[in-house]
K.L.:
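Can you read through this structure? Questions will come right after.
To find a chain, count down the sequence lines: A is the first, B the second, and so on, and within it residues start at 1.
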Amino acid sequence: MSTTLFRTIQPNHFTLLTNALLRTRRTSRHISVRCQTSTTTQQSSSQQQQPRTSAPKNHGSNKLDEILKDYEAVIGIETHVQLSTSTKAFCSCPNSYGSHPNTSICPVCMGLPGALPVLSSKVVDFGVRLGLALNCSLSLKSKFDRKQYFYPDLPKGYQISQFDVPIASGGYVDVDIPLEFGGGHRRFGITRVHMEEDAGKLLHSDAGDYSQAMIVSKLDLVDLNRAGVPLLEIVSEPDIRSGVEAAEYGSEMQRIVRYLGVSNGNMQEGSLRCDVNISIRPIGQAEFGTKVEIKNLNAFSAMSRAIDYEITRQALLYNQGQADQIVTETRLWDEGAQKTVTMRKKEGLADYRYFPEPDLPEVIFTQEYVDSIRASLPELPEAKRRRYEAMGLGIQDVLFLANDVSVAEYFDEVIGKGADVKSAANWLMSDIAAYLKNEELSISDVKLTPQELAELIAAIKDETISGKIGKQILFELLAKGGTVQGMIKEKDLVQASSCYFPQNCITDPVEIEKMIMKVISESPKQLEQYRSGKTKLQGFFTGQVMKMSKGKANPALLNKILLEKLNAKD
Amino acid sequence: MLSTLQPPRSLTLLPFRRLHGSKTIASLASSSPTLDASSVSPPQSQILTTRRSLLSGETTASEIAKSYLSRIRLTEPQLKCFLHVSENVLKEAQEIDQRISRGEEVGPLAGVVIGVKDNICTEGMPSTAASRILEHYRPPFDATAVKKIKEMGGIVVGKTNMDEFGMGSTTEASAFQVTANPWDLTRVPGGSSGGSAAAVAANQCMVSLGSDTGGSVRQPASFCGVVGLKPTYGRVSRFGLMAYASSLDVIGCFGSTVADAGMLLHAVSGYDRFDSTSSKQDVPEFESQFLSMDSFESKPLKGVRVGLIRETLEEGVDSGVRSATQEAASHLEALGCLVTEVSLPSFSLGLPAYYVIASSESSSNLSRYDGVRYGNQVMADELNKLYDCSRGQGFGGEVKMRILMGTYALSAGYYDAYYKRAQQVRTLIRKDFKAALDHNDILISPAAPSAAYKIGEKKDDPLAMYAGDIMTVNVNLAGLPAIVLPCGLVEGGPSGLPVGLQMIGAAFDEETLLKVGHIFEQTLNGSGFVPPTLPNVA
């Protein structure tokens, strides 16, 4: 019951760069496990990049890879999404995260005698939205059931859930695997989506001031603020084969719920929780192996590492003829030790004695209702990605832009104002993203309007100002707002080289390209980093070329050619 | 004091009351109903009487309240109907008097003294469902039914005894006390709403609320000789009723007359947004049904089709009960009803199906009593021990048995054979009732196979006790409304024991039941079922 407490609400940061870093680390892990041709040097470099190696020790990577290539992992994920409804699912208590313990409770969610649940229609609404977004068939008539077990955080002794007739079933989700993990497109089946209520939380009495909490025993206290908060549980088909795929599946769920506005999808707050079911089998075998459940996965990177660890653990047991030691159990991911550890062994299946919830009528809605919700759905991540791709953006740009719904919306507005697609993408991915990260802001916090970013891009494109100047005023605009035109006038920033002293300017593309090629060939390390996603290194290259040209290279031309060269696939 | 309020109830047993014993079966039918009032005036609604006398200034709410409190003081040591008597009765009565003296309007239940079954939540007043596990528990809210009563001026006089969580048919399964039947103190009042029924019979309160999951209002009404009304499932909000079996539970009403039970039902009925199983069906104004006898025609129930359920008069039913029922049928015929026998082929399947469903739901509903948040907690250093001790010491034997049965019935591998099958039987029973009610306006049967039996008689024989529910459980499985009213007496006790007639109506047609019941009651020879054993407080 080690419940980590996050008492303060964590703002929804723009966390992509951090994610990218974690992914990089994960890849090398992935590659070192999977790639048969990995050499000793590659191994040591990958060891350096990720010192917290998660594979069980005592095996050379080569040997391990030999073993792993004979097995296939079968992974299914159960995702719990806490809905951002204003009230709890079955009472009118506010659904607020981070309140003082037991201040958001009433007779219904406390399970007092005589109290009855009444379903909030918003929960059904969100269930239908998510079901449609996951390409499921909706049950026009579903019902609630009681899932029964005793635990102090479960006030009624049962959880109101959906058992045999979920609100949505039989869908799928499409994801793009990032390039650094080999790229490609994957489709994972969705078994079902069902509505249920969350339980409360157990707190340890030494965890701070919990005078409001109810005493369970000498050691534990219960906080019921979360009890009765609506959840949607998404169960995937066992279509997932690796940690990377699992992480991408999870990320896509997070994107989808955020795009739909049904949840903040925040893993740290527990608004999005993934439990992984994993087994492995010799390649070619049809039957599934013994399934192990992994819990306590607080980040997608952790999920990826936990799965890769578990695959390795199980493969080694198989390989050593100890497959019988793989038992049905729940394992916890230990972030500190970077391994999974047994939490509890399951002796047979738990019997939850499901039966139809007699306090709630069946959930019945019409096809028209479903259609009206379908019509109100926003453009979803997959559709956005395909649209961006069709606009000519590279997959990395596409994935970046579509990852965060507010970034995507911002980007859409910028290009809606007629801005050049690639430039808009570049600004967002490099300087603006860096700014947001440093300032710990989200795109919605910045003062720069999409309109003005479009203006800025246009001003640089028609060479009214140089890229360098553009960057300077960008930061002012981000922090203070204002207009591009205003700022150019106010600071007299019109590009000197192009207007006043054209004779001083190097505008010959061939000459500029020569300098660029020289800089690139002298900086292989930076090039590799750039190509593996550290796109803000573009500034480094620009700087080098400018230095070489003694500041005379036409910035617009320089950047245009530089980008072509940097992004060239050779 | 009381005698001025309700004249018939101070009368002693009249010599012409017939006793239906196995040996001495007297025929009520032979003395065909006389529509002119005989020497005995028919029972009068205490709610209407109270309203009249308060508004006319004949008496005050305080006087009425005092007389009931003194009646309770006098009779409670023998009867033990109440687990708690409110400290606020006089204060609430005085407030009503003040309003009347200020010329302000008062609610339709103003001054009406009401008992409330202990499994119905009353704010700040102990509500324990007669269970140790909730000993001293005081809910922070009123059940919707209680809230409505209070809004209409009703005075909750106290909490009545019951079988723990409604599980039982004798009120002996209360964790705190055994209630006696006012007709014979050595007998049970029936159950599980035994306290509510006995309190009305003994005139400790005018009307009372009970709850009926498988007959818990109707069977004690029959045992105690009062009117018990079980409304259609969904008619009254269950919010604040401590759940026993959610799909069967209804709050029901007791009164000494059909009119009182009907008016109390009207007060507590209606859709409630806190209970999603409550119905949005309109609640008709029942009061217009309660005409005085003078206005009855010669055949006031002409054309009403009555089906006598054949299976309820078969083996296992006391002959006295059988004959009382047949005579009640004859009385209805004399009133103009068209009485025919109907068969409900699924009738005998109901009892086992009921016990599977009720136990299953209760095993789930009672999970919340875990000692963690409220109620009886036994501190332990280990979680399972905390559950074990809190529940082990908190629940009584009958409750534990039903939790075990229900847990078993819902277990994987048994679910289909028990719970699912019971639900199929339930569908069958609904269909049979529907068919019978398509051809009849009401169905009639005894309320129980026997009159009240001795305290302790069936305590160690749960199956015999369960079998006593055979007349009533099917009605809950079908969700239909039913009323039980006294129709005769059988031998037993110092002066006979009452027998109840059950009338079953179509869903949400309480109106017909109340109409037929009222006329039946007002025209029954020897009306006024007053238990003889209690000290007369006049």
K.L.:
Please confirm whether the backbone N or O of A:Met110 pairs with a side-chain atom of B:Tyr374, one donor and one acceptor, at under 3.5 Å?
P.N.:
no

K.L.:
For B:Thr407, which atoms come within 4.5 Å of any heavy atom of chain A: side chain, backbone, both, or neither?
P.N.:
both

K.L.:
Using non-hydrogen atoms only, which part of A:Asp359 is less than 4.5 Å away from chain B: side chain, backbone, both, or neither?
P.N.:
both

K.L.:
Which of the residues B:Tyr387, B:Tyr414, B:Tyr415 is involved in the greatest number of heavy-atom pairs with chain A at under 4.5 angstrom?
P.N.:
B:Tyr387

K.L.:
How many angstroms lie between atom CG of A:Leu154 and atom CG of B:Asp370, to the nearest 0.5 angstrom?
P.N.:
9.0 Å

K.L.:
Which heavy atom of A:Pro113 sits nearest to which heavy atom of B:Met242, and what is that distance?
P.N.:
CB-CG, 3.6 Å

K.L.:
In terms of heavy-atom proximity below 4.5 Å to chain B, should A:Tyr354 be classed as side chain, backbone, both, or neither?
P.N.:
backbone

K.L.:
Going from CZ on B:Phe274 to OG on A:Ser92, what distance comes out if it is rounded to the nearest 0.5 angstrom?
P.N.:
6.5 Å

K.L.:
Using non-hydrogen atoms only, which part of B:Pro139 is less than 4.5 Å away from chain A: side chain, backbone, both, or neither?
P.N.:
neither

K.L.:
Checking heavy atoms, do the side chain of B:Leu366, its backbone, both or neither come under 4.5 Å from chain A?
P.N.:
neither

K.L.:
Give the C-alpha distance, both sets of side-chain angles, the deciding distance and a yes or no for side chain to side chain contact (heavy atoms under 4.5 Å, CB included) between A:Phe150 and B:Leu383.
P.N.:
CA-CA 10 Å; A:Phe150 281 101; B:Leu383 186 59; over 6 Å; no

K.L.:
For this output row, return yes or no: ring centroids of A:Phe355 and B:Tyr419 closer than 6.0 angstrom.
P.N.:
yes

K.L.:
Under a 4.5 Å cutoff for heavy-atom pairs, which residue among A:Pro155, A:Gly157, A:Pro361 has the most contacts with chain B?
P.N.:
A:Pro155

K.L.:
Does atom CZ of B:Arg138 have more than 12 heavy-atom neighbours from other groups under 6.0 Å away?
P.N.:
yes

K.L.:
Any chance NZ of A:Lys291 has more than 12 other-residue heavy atoms, nucleotides or ligands included, within less than 6.0 Å?
P.N.:
no

K.L.:
Between B:Thr277 (side chain only) and A:Pro358 (backbone N and O only), is there a donor and an acceptor less than 3.5 Å apart?
P.N.:
no

K.L.:
Nearest heavy-atom pair of B:Phe239 and A:Ala115: which atoms, and what distance?
P.N.:
CE1-CA, 3.9 Å

K.L.:
Which bit of B:Ala143 comes within less than 4.5 Å of chain A, counting heavy atoms only: side chain, backbone, both or neither?
P.N.:
neither

K.L.:
As a quick check of understanding, evaluate side chain to side chain contact (heavy atoms under 4.5 Å, CB included) for A:Leu116 and B:Arg238, giving each step before the final call.
P.N.:
CA-CA 8 Å; A:Leu116 296 170; B:Arg238 291 187 294 117; 3.9 Å; yes

K.L.:
Picking from B:Ser276, B:Ala243, B:Ser364, B:Ser246, which has the most non-hydrogen pairs under 4.5 angstrom with chain A?
P.N.:
B:Ser364

K.L.:
Pick one of side chain, backbone, both or neither for B:Asn119, based on which atoms fall under 4.5 Å of a heavy atom in chain A.
P.N.:
neither

K.L.:
For B:Lys147, is the NZ atom crowded, meaning more than 12 foreign heavy atoms sit under 6.0 Å from it?
P.N.:
no

K.L.:
So, taking the atom named CG in B:Leu410 and the one named CD in A:Gln148, what distance separates them when rounded to the nearest 0.5 Å?
P.N.:
6.0 Å

K.L.:
B:Arg373 side chain to A:Leu112 main-chain N or O, any donor-acceptor pair under 3.5 Å?
P.N.:
no

K.L.:
Tell me, yes or no, whether the heavy-atom count around B:Lys150 atom NZ, taken from other residues, nucleotides or ligands under 6.0 Å, exceeds 12.
P.N.:
yes

K.L.:
Testing the basics here: between A:Arg146 and B:Glu361, what is the closest heavy-atom pair and its distance to 0.1 Å?
P.N.:
NH1-O, 4.3 Å

K.L.:
Out of B:Ser411, B:Ala409, B:Ser247, return the one with the most heavy atom pairs under 4.5 angstrom to chain A.
P.N.:
B:Ser411

